[in-house]
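Heavy atoms only: backbone and side chains are in, while hydrogens, waters and symmetry mates are out.
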Amino acid sequence: MKNKSFRALGALAAAFLLFLFVSPSVITAQAQSAGSGVSGLPVPRFVSLKSDRVNVRNGPSRKHDIGWTFVRTRLPVEVVQEYEDWRRIRDWEGKEGWVFKTLLTGYRSALVTPWLVNTVETTPLRKRPGPNEEIVAFLEPLVLAGVVECTDGYCRISGKEFEGWVDQSRLFGVYKNETINN
């Protein structure tokens with residue numbers, strides 16, 4: 001009887017030691033999804049696709065099925081979680097999936113009002129930041145642009161044949177009131 005009790009006590013002690021060694025990594029993994037990831041970069045954050053063909057998987061490994069494939073480079077996505085070399089991303093439609101980290105870049109891009117894709121509404125592109133500044137063009141929903149800088153609620157964006165300032169709230173790829181200085 002004493003021998004069985006001693007074995008049970010030994011098993012309990014081994015389980016406790018295992019808990020002590022495993023629990024810090026579990027706590028660390030939970031913390032990484034709340035402020036900074038395993039990369040040391042902030043989570044969440046906006047990045048863009050590095051390639052014109054990016055498979056988005058249902059889980060953080062090549063063993064997981066491909067949920068969908070992006071076929072356009074420089075699209076903005078939001079990193080919402082990190083796990084080892086994988087990044088859980090969210091696109092402008094709110095869909096989430098996992099992408100290998102080398103398929104993403106820190107280049108900042110934005111989509112103009114993608115949530116208005118089925119409307120005729122356009123977004124004014126201004127010569128300088130401000131609601132009363134001269135309008136140089138009108139941008140349709142889903143126009144892809146590089147983000148040059150953002151300040152005081154406006155972002156200077158550029159594309160193949162345009163450059164100017166847009167109200168920051170009209171862009172997917174930057175946070176409200178985010179300041180960007182490139």
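Note: L111 CG to L75 CG = 6.0 Å, rounded to the nearest 0.5 Å. In this structure, F70 CZ and K95 NZ are separated by 6.5 Å, a value rounded to the nearest 0.5 Å. A distance of 10.0 Å separates NZ of K50 from CZ of R74, quoted to the nearest 0.5 Å. We find the CZ-CH2 distance between R57 and W98 to be 13.5 Å, quoted to the nearest 0.5 Å.
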For a quick test of your reading: what N or O donor-acceptor pairs under 3.5 Å do the side chains of residues 151-158 make, sequence neighbours left out?
from : atom 1 : to   : atom 2 : distance (Å)
R156 : NE     : E149 : OE2    : 3.1
R156 : NH1    : E163 : OE2    : 2.6
R156 : NH2    : E149 : OE2    : 3.1

Under 3.5 Å, side-chain donor or acceptor atoms of residues 129-138 against the rest of the protein: list the pairs with distances, not counting sequence neighbours.
from : atom 1 : to   : atom 2 : distance (Å)
E133 : OE1    : R128 : NE     : 3.2
E133 : OE1    : R128 : NH2    : 3.4

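Checked against side chain to side chain donor-acceptor pair (under 3.5 Å), N58 has no partners two or more places apart in sequence or in another chain. Taking E161 as the reference, nothing meets the salt bridge (charged side-chain N to carboxylate O under 4.0 Å, His left out) condition, with sequence neighbours excluded. Legend: residues meeting side chain to side chain contact (heavy atoms under 4.5 Å, CB included) with T69, ordered by chain and number and at least two apart, are R53, N55, I66, V71. The side chain to side chain donor-acceptor pair (under 3.5 Å) search around S48 returns none, not counting sequence neighbours. Partners of S39 under the side chain to side chain donor-acceptor pair (under 3.5 Å) rule, at least two apart in sequence or in another chain, are E82. For the salt bridge (charged side-chain N to carboxylate O under 4.0 Å, His left out) test, residues two or more places apart in sequence or in another chain that qualify with D85 are K101. T179 meets the side chain to side chain contact (heavy atoms under 4.5 Å, CB included) test with N181; sequence neighbours excluded. For R90, the salt bridge (charged side-chain N to carboxylate O under 4.0 Å, His left out) test picks out E78, E96, with sequence neighbours left out. With sequence neighbours left out, the side chain to side chain contact (heavy atoms under 4.5 Å, CB included) criterion links N177 to no other residue.
Within 6.0 Å of NZ in K127 there are 12 or fewer heavy atoms belonging to other residues, nucleotides or ligands. A 6.0 Å sphere centred on CZ of F100 holds more than 12 heavy atoms belonging to other residues, nucleotides or ligands.
Across every non-hydrogen atom of P124 and V166, the tightest pair is O-CG2, 4.1 Å. Scanning all heavy atoms of the two residues, the minimum distance from P114 to F172 falls at CG-CB, 3.9 Å. Looking at every heavy atom in both residues, V143 comes nearest to F162 through CG1-CZ, 3.7 Å. Closest approach of V79 to V43, counting heavy atoms only: O-CG1, 4.1 Å. Nearest heavy-atom pair across E84 and R87 is O-NH1, 2.8 Å.
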Test side chain to side chain contact (heavy atoms under 4.5 Å, CB included) on V80 and I89 and set out the steps. CA-CA 6 Å; V80 295; I89 59 156; over 6 Å; no
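Residues D167 and T123 are not in side-chain contact: their nearest non-hydrogen atoms beyond the backbone lie 4.5 Å or more apart. A 4.5 Å side-chain heavy-atom check between L49 and L103 finds every atom pair outside the cut-off. The closest side-chain heavy-atom distance from V174 to I180 is below 4.5 Å.
In this structure, F46 and Y175 have tilted ring planes: the angle between them lies in the 30° to 60° band.
Applying the side chain to side chain donor-acceptor pair (under 3.5 Å) test to pairs two or more places apart or on separate chains, those with a residue in residues 103-118 are R108-E178.
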